[in-house]
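Okay, structure first, notes after.
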2 protein chains.
Amino acid sequence: MGQGAGGGPQPRGGATLAQVAARVGVSLNTVSRAIRAPHTLRPELLGRIAAALDELNYVPNRIAGSLAGTRSALVGVVVSSLFHSEFAAVVEALQTGLLARDFQVMLGHSHYDPAREAGAVRALLGWRPAAMALVGIDHHRDVSRMLGEAGIPVVQMWDVGGEAIDSAVGMDHVAIGRAQAEHLLARGYRHVAVVGSLRPHDARAHKRCRGVAQALAAAGLGEPALATSAEPGDPDLGGRLVAELLARHPEVDGIACNSDAVAYGVLRALRARGRRVPDDVGVVGFGDAEASACLVPALTSVRPPRAAIGRLTAEIILARLEGAGPRQLEVAWDILVRDSTARGSTVSAPI
Amino acid sequence: MGQGAGGGPQPRGGATLAQVAARVGVSLNTVSRAIRAPHTLRPELLGRIAAALDELNYVPNRIAGSLAGTRSALVGVVVSSLFHSEFAAVVEALQTGLLARDFQVMLGHSHYDPAREAGAVRALLGWRPAAMALVGIDHHRDVSRMLGEAGIPVVQMWDVGGEAIDSAVGMDHVAIGRAQAEHLLARGYRHVAVVGSLRPHDARAHKRCRGVAQALAAAGLGEPALATSAEPGDPDLGGRLVAELLARHPEVDGIACNSDAVAYGVLRALRARGRRVPDDVGVVGFGDAEASACLVPALTSVRPPRAAIGRLTAEIILARLEGAGPRQLEVAWDILVRDSTARGSTVSAPI
DNA sequence: GGACGTTGCGTTAGCGCTCACTCTGTGCGA
DNA sequence: TCGCACAGAGTGAGCGCTAACGCAACGTCC
């Protein structure tokens, strides 16, 4: 790497404030001010400093800045799993909201495992974030304790049915499950089952499942048939579970799926078995994934306001950082009714 | 926040090494050693320090560690767009490989825009990462310059047809485009078109497009019909583009799509127009998305080895950090042949 | 014309940690 | 008896920056 052109040994990454200062002939702090509070300098000096900054390709060292400064420029975000999954759009909206204020997002993953979630939270806290956001509201005590003791704003996303550590923005998943079942019942399906991935610690999925049971009970029907698994929810899982379900409960004519990916496999398996959707069986998904409107039949699904949740989370974090109090809010969702529950008629025509 | 129980004012986030040291009655450095090099301490002392560490819930401050230490624990990753998109699995595999060595991944997004990519790279370099990984191999000069001057390992992912800054691991996208077209031609489709999102700076998409043209030329056929747009590639775009395409070129009987999401919309629009797939028109996608095997007809698609690319990127980064030289490697991909190009017969039976 | 802001910059003291070095005591061979 | 290697712990400097304060030189106003 060699030596810098004019001023001391070359630091590990790029120029330092001290080098810029030496080049211009001012103190280090003056250069810092030129960046952070330009209006406190004479325009002429400011120009010279700006030129030197540019010549040396100065990139502020945010590590040093965070250590010295009052507040960090990082926000930690923990999701169950960004990948093959439903939280990407939430994180994108969150990130967009925070980037505008120059906050960096640092991502961690729980993989639906409380121990790994605690590990991810601990790892992120090591970077001393200004705030944290995480998916879910029912957490392991270690997680709640660490987050509570951190003394920073914490926003729990996606779910609202629980006790928030600080702030929360999400949906009522029991109500979603109820709505899935009620929709099927309203369309004349009587034997409703729940199919999908049901990991031990995916509290949201359990709540939706409970909601289905509630709706059936309210309609004077029995418990829903269950075909669930702790494996990740993908089409193949849906196919296997529905095969197993129909072997045990051939009378099932309505299926509430825990995710759209599972529903894709359910539709395929039903087709392979000669069960017509929606005439023989109605299927409703959760998540409104990209392909759902393109399937045959198009999949009826619950659409969560992902972008809104991410945007609101960013807003709450920024407000909390400026002294506002904690907030807890529930966001609205809707059911996109498509052909997979349109018994006897076509609800949405293909393009 | 108040004062700490035993030793100095409460710092901004959690206990410090100095507090732990004061509690045990040793020097700060000894506690640091207990964490970084436990074998250099007496077991008895180590036990007492471990107890104090635990009691105070000490979480190492990685900001301070990075500033003081020789090397950073961060790796910067820039993708076009993680969301609605194809890079999630790559990043997941990359992250898994790096997390094992205690590296944190920091994500940035280019949104297929060179200026935003430069901004993302600059922002990430501000955190003084130990290495960088980014999607694509054809970058704006500013990006190449910044990365070259940073003096850290740089791995360019996903594409290989260009000059690497340091290391690269990806696919030959021209060859992919050729394979898409050759597959269609081999199935008897003669009038091949390209449909999909073709952003000005998405070099990979342009290369695949060029590959299609090459294959047609080699077969003595003319230029492919094009129906492209700078909008993001989703099913609706596919539907609109194919409508426009068929209006201009009703003879088209083979469609190579730039992404599976676009292909979904293409299939839906063809169905709505009464064009039978695969009998009248063959459709091949790119990306092998989750739903592709569940569509009717199931979509033939190019499957990129996402996990392998991510894993190899992690391996190269770790090796480079330990002194190994730069590497450039091309990974293999394949075409999953399904019903959408199975003219006259069913290739893959539904489950 | 002396007390009092104001503007514009320099000085200084850390943030919490790592790393190179120094120091102390112990064991052991010559 | 002395020297000397070595394990085990302490000391001090400094990473690059921010923030609080210091301090000239220049108005401003009674």
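Residue numbers start from 1 in every chain, and the chains themselves are labelled A, B, ... in the order their sequence lines are given, proteins ahead of strands.
From one end of the helix from C/dG1-D/dC30 to C/dA30-D/dT1 to the other, with five pairs defining each end axis, the axis direction shifts by 60° (rounded to 10°).
What separates CD1 of B/Ile49 from P of D/dA9 is a distance of 8 Å, to the nearest Å. Here C/dG8 presents its P atom at 15 Å from CZ of A/Arg48, a figure rounded to the nearest Å. Atom CD1 of A/Ile63 is separated from atom P of D/dG16 by 12 Å (rounded to the nearest Å). The CD1 atom of A/Ile35 sits 15 Å away from the P atom of D/dG16 (whole-angstrom rounding). For the pair A/Tyr58 OH and D/dC17 C1', the computed distance is 7 Å after rounding to whole Å. Atom CD of B/Gln19 and atom C1' of C/dC15 are 13 Å apart (whole Å). Distance CH2 (A/Trp127) to P (C/dC17): 13 Å, rounded to an integer number of Å. B/Leu67 places its CG atom 10 Å from the C1' atom of C/dT18, with the value rounded to the nearest Å.
For C/dT18, the OP1/OP2 oxygens have a side-chain nitrogen or oxygen of B/Arg36 closer than 4.0 Å. OP1 and OP2 of D/dC17 both lie 4.0 Å or more from every side-chain N or O belonging to A/Ser32. Residue B/Thr70 has a polar side-chain atom (N or O) positioned under 4.0 Å from OP1 or OP2 of C/dC19. Proximity of A/Arg33 to the phosphate of C/dC9: no side-chain N or O atom is located under 4.0 Å from OP1 or OP2.
Between B/Arg101 and B/Glu322 there is a salt bridge, with a side-chain nitrogen of the basic residue lying less than 4.0 Å from a carboxylate oxygen of the acidic one.
If B/Ala64 and B/Arg42 are placed on DNA chain D by their nearest nucleotide, the residue sitting closer to the 5' end is B/Arg42. Heavy-atom nearest nucleotides on DNA chain C were determined for A/Ser27 and for B/Asn61, and the one closer to the 5' end corresponds to A/Ser27.
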Polar atom pairs (N or O), protein with nucleotides 12-14 of chain D, under 3.5 Å:
none

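Applying the side-chain hydrogen bond (donor to acceptor under 3.5 Å, both in side chains) rule to B/Asp102 yields the partners B/Arg62; only residues at least two apart in sequence or on another chain are considered. For B/Ala18, the side chain to side chain contact (heavy atoms under 4.5 Å, CB included) partners at least two apart in sequence or on another chain are B/Thr16, B/Leu28. For B/Pro200, the side chain to side chain contact (heavy atoms under 4.5 Å, CB included) partners at least two apart in sequence or on another chain are B/Ala230.
To the nearest 0.5 Å, atoms CE (B/Met157) and CG (B/Leu312) are separated by 11.5 Å. To the nearest 0.5 Å, atom NE2 of residue B/His109 and atom CD of residue A/Glu92 are 7.0 Å apart.
The side-chain heavy atoms of A/Trp158 and A/Val79, taken from C-beta on, include no pair separated by under 4.5 Å.
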Distance-only criterion, 3.5 Å: show the donor-acceptor pairs between side-chain atoms of residues 40-48 of chain A and protein atoms not counting sequence neighbours.
| residue | atom | partner | partner atom | Å |
| --- | --- | --- | --- | --- |
| A/Thr40 | OG1 | A/Ala37 | O | 2.8 |
| A/Arg42 | NH2 | A/Glu44 | OE1 | 2.7 |
| A/Glu44 | OE2 | A/Arg48 | NH1 | 3.4 |
| A/Arg48 | NH2 | A/Val24 | O | 3.0 |

Trace of the side-chain hydrogen bond (donor to acceptor under 3.5 Å, both in side chains) decision for A/Glu117 with A/His139
CA-CA 9 Å; A/Glu117 179 170 62; A/His139 296 284; 2.8 Å; yes
